[in-house]
Amino acid sequence: MGKKKFLLALVVSFLIALPMLSGCVPEEVAPPPPPPEEEKYVTYLSLADYTGAIAGLNVPADAGLKAYFDYLNDRGGVEGIKIKMIAVDTRYDAARAVSAYRRYGREHKLLLINAIGTHLDKAVAPLTMKDKICCFCPLDGEFAAHPGMGLLWFMSYQDMFGAALDWMVEDWKAKGNPGMPTVGYYHWDNPHGHEALRGGKEYAAKLGVNLLPPEFNPPGTLDHSVPLTRLAEGGANYIYIGGIDPNSTIVLKSAYDLGLTEKIQFIADIWGPTETVGMRLYPEAVEGCIVNSPILKGDDARNHPLAKELLPYLGVSSADMNAWMLGMAASWGMTTEAGIKKALEMGVSYEELDGSAFYEAIQKCTGYDKQGIMGPIAYTETQRRQSWEVKFYQFQNHKAVAITDWRRCPDTVSLYAW
C-alpha cells in the first residue's frame, strides 16, 4: 500500500514538472506585473484664516490657489511632479498656526508654507528655519530689510504706500493745485496697520507731502465718524485707508454718510474693496474709491486667459470670481511651480528636492513672467520682494477700472532705521 502511494506521488510530480521541462510556463504561475510607479508629489502647507479677521482675503485666495494646483496637476504637474495642498484654518491665531505646523511639518517633501499673518509667520519661524522650509509671508518691510527664508507675497506695505503718495502728488499737480497735497492715513491699530508708516512716513517727508498724524481703529469697528472727521478737519485732500474688505468698505460707508467721499479722494491699500464684497455691500460708498493693487482687477482679471481656464476648478461664474482667486493663484501657485522648475533645471533630482533645494532655486527665478497678472518675480539672493509693480483701479459704475498702467513702487524700506 505504501509503495502504491509513492508511485502515485511520483507520477503527479512528473506531470506538474513536465511543462516547465519543455520550456513552457503555465499561465497560472507567470511572474506578476511590476508594481505601478509611485506618484511623485511635493507638499504645500497653508496656515490659513478662513473664519477670522482676514477671511475675506484668505478664503478666495486659497480657493484660487487650490484651483491652480488642480489645474496644474491635471496637466501632469511640474515635469511629472504634482503639488499636494494642505490647508488648516488657524483662525488668525498664532498658537493654532504652531500646532498645525507641528502636525503637518513632516509631510512628504514639504517645500514651503504660507503663514497668513505676520504674527503667525514669526511664531512658526523658529520651526521652519530649523527645518529649512521657505515661508510665503505678509508684506512687512522687515522681511525685505533682513533677507531670510521669508518670501513676501508682493512688495512691502510701505513700498505700496510710497507708490500711492507718488500718484497723489501727480494727481494733485495735474489738477493745477499749488504746493503739495495734505494726506490722511487711517488703518487698523495693530502691526499690520502701522507697518506702512515704517519707511512710508519717511518717504512722505522726502516728497514734501503734508502727512497728518495717523488715525487707527480696532479691527471690527463699525463707526469711523470721529477719526475721519479729525482727518477732514485737518485739511486732508487724500485719505489712505486699510483693513481687509469688508473693513475698508465700512470705513467708506462712514465717510459717505459724513459727505466726505465727495470732497476727499479715498485710496484703499492692497486689501481694499472688491467688486464681489464691498461694491455689493455699499455700492454708493465704494463708488469713486481708488485701490492700490499689485494684481489685475475687474474685467482685466475676468477676461484673462488663465482666469477662464481656472473657472471650472473654482466652481463660480465669471461675475462671482473675486480678483484674489486669480491674483493669489499667480502670486503663490505660479511661484511654487517656478521654484520647482528652476530646481529641476539646476540638476536637482526628485529624490533630492526638499525645502533647501527650493530655497536655492527660488532666488534664481528673477524675471519669471506671471502672464501679466502681476509683475515678474523679483526674488534674488538678497531680494525678498516678489514683485515691484502696482496698478491703480477706481470704482466707476460699480466696476474696478484701471486708471494707470503698471507702475514701479519706490524702495521705502531702505528709508527706515531697522
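None of the values given here were measured: they were computed from a predicted structure.
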> With the threshold set at 4.0 Å, does a side-chain nitrogen-carboxylate oxygen contact exist between R280 and D320?
Replying inline: yes

> In terms of side-chain heavy atoms, does D189 have a donor or acceptor partner in H194 at a distance below 3.5 Å?
Replying inline: yes

>> Quick check for you: to the nearest 0.5 Å, what is the distance between I362 atom CD1 and T380 atom OG1?
In response: 11.5 Å

>> Quick one: does any side-chain atom of T90 pair with a main-chain N or O of A48 as donor and acceptor, under 3.5 Å?
In response: yes

>> Is it the case that the side chain of Q394 and the backbone of G288 share a donor-acceptor pair, with hydrogens and angles ignored and the cut-off at 3.5 Å?
In response: yes

> Going by heavy atoms in the side chains, are M325 and L310 under 4.5 Å from each other?
Replying inline: no

> Is it true that a side-chain atom of D159 and a backbone atom of T412 form a donor plus acceptor pair closer than 3.5 Å?
Replying inline: yes

> Salt bridge check: are E337 and K341 linked by an N-O gap of less than 4.0 Å?
Replying inline: yes

>> Please verify the inter-ring angle class for Y71 with Y68; under 30° counts as parallel, over 60° as perpendicular, anything in between as tilted.
In response: tilted

>> Whether the side chain of W167 engages the backbone of G162 through a donor-acceptor N/O pair (distance < 3.5 Å, no angle test) should be reported.
In response: no

> Quick check: does any side chain N or O of N237 sit under 3.5 Å from a backbone N or O of T182, one acting as donor and the other as acceptor?
Replying inline: yes

>> Does this structure show an ion pair linking R198 with E195, if we count only N-O contacts that are shorter than 4.0 Å?
In response: yes

>> Would you compute the distance between atom CD of E309 and atom CG of D74 and round it to the nearest 0.5 angstrom?
In response: 11.5 Å

>> Strictly below 4.0 Å, N to O, side chains only: are K399 and D299 in salt-bridge contact?
In response: yes

> Would you say the side-chain atoms of E352 pair up with the backbone N or O of S349, donor to acceptor, closer than 3.5 Å?
Replying inline: yes

Would you give me the side-chain donor-acceptor pairs under 3.5 Å for residues 93-104, sequence neighbours excluded?
{"residue": "D93", "atom": "OD2", "partner": "A95", "partner atom": "N", "Å": "3.2"}
{"residue": "D93", "atom": "OD2", "partner": "R96", "partner atom": "N", "Å": "2.9"}
{"residue": "Y101", "atom": "OH", "partner": "D131", "partner atom": "OD2", "Å": "2.7"}

> About how many Å separate CG of L127 and SG of C135, when rounded to the nearest 0.5 Å?
Replying inline: 11.0 Å

>> With ring pair (Phe, Tyr, Trp, His ring centres under 6.0 Å) as the rule and sequence neighbours excluded, what pairs involving residues 336-372 come up?
In response: none

>> Can you tell me how far apart CG (L222) and CG (N247) are? Round to the nearest 0.5 Å.
In response: 9.0 Å

>> Check this for me, if you would: do E107 and K84 make a salt bridge, where the nitrogen-to-carboxylate-oxygen distance has to be below 4.0 angstrom?
In response: yes

>> Quick one, I290 with Q265, criterion side-chain contact (heavy atoms from CB on, under 4.5 Å). Give me CA distance, side-chain angles, the key distance, then yes/no.
In response: CA-CA 8 Å; I290 291 171; Q265 179 61 65; 3.6 Å; yes

> Between Y44 and A87, is there a donor-acceptor pair closer than 3.5 Å when you use the side chain of the first and the backbone of the second?
Replying inline: no

>> Once side chain to side chain donor-acceptor pair (under 3.5 Å) is applied, what residue pairs with a partner in residues 326-336 remain, sequence neighbours excluded?
In response: S331-Q386, T335-K370, T335-Q386

> Between the side chain of N210 and the main-chain N/O of P181, is any donor-acceptor distance below 3.5 Å?
Replying inline: no

>> Measuring only between side-chain heavy atoms, which start at C-beta, is E142 closer than 4.5 Å to T118?
In response: no

> M374 and K391: side-chain contact (heavy atoms from CB on, under 4.5 Å), yes or no, with the steps?
Replying inline: CA-CA 9 Å; M374 56 179 279; K391 261 190 178 186; over 6 Å; no

> For the atom pair CD1 (I295) and OH (Y393), what is the distance rounded to the nearest 0.5 Å?
Replying inline: 8.5 Å

Expected list for residues 50-59: side-chain donor-acceptor pairs under 3.5 angstrom, two or more places apart:
{"residue": "Y50", "atom": "OH", "partner": "D62", "partner atom": "OD2", "Å": "2.6"}
{"residue": "T51", "atom": "OG1", "partner": "D89", "partner atom": "OD2", "Å": "2.8"}
{"residue": "N58", "atom": "OD1", "partner": "D49", "partner atom": "N", "Å": "2.6"}

> Do M155 and E389 come within less than 4.5 Å of each other through their side chains, counting heavy atoms only?
Replying inline: no

> What pairs with H119 under ring pair (Phe, Tyr, Trp, His ring centres under 6.0 Å), at least two apart in sequence or on another chain?
Replying inline: Y92

>> For W324 and W271, take the angle between the two ring planes, folded into 0 to 90°, and tell me which bin it lands in: parallel under 30, tilted 30 to 60, perpendicular over 60.
In response: tilted

>> Just so I know, are the side chains of K40 and I81 near enough to count as touching, which here means a heavy-atom distance under 4.5 Å?
In response: yes

> With a 4.5 Å heavy-atom cut-off, do C134 and L111 have their side chains touching?
Replying inline: no

> Going by the ring pair (Phe, Tyr, Trp, His ring centres under 6.0 Å) test, which pairs reach into residues 231-252, not counting sequence neighbours?
Replying inline: F161-Y240

> Taking atom CG of L45 and atom CG of L110, what is their separation to the nearest 0.5 Å?
Replying inline: 6.0 Å

>> I'd like to know whether I264 forms a side-chain contact (heavy atoms from CB on, under 4.5 Å) with L228, so could you lay out the CA-CA distance, the side-chain angles of the two residues, the decisive distance to 0.1 Å, and finally the verdict.
In response: CA-CA 11 Å; I264 300 171; L228 288 175; over 6 Å; no

> Is it the case that D223 and S225 place a side-chain donor and acceptor less than 3.5 Å from each other?
Replying inline: yes

>> Using a 3.5 Å distance criterion without hydrogens, assess whether the side chain of S156 forms a donor-acceptor pair with backbone atoms of L139.
In response: no

> Short question: side chain of H304, backbone of Q371 - any donor-acceptor pair under 3.5 Å?
Replying inline: yes

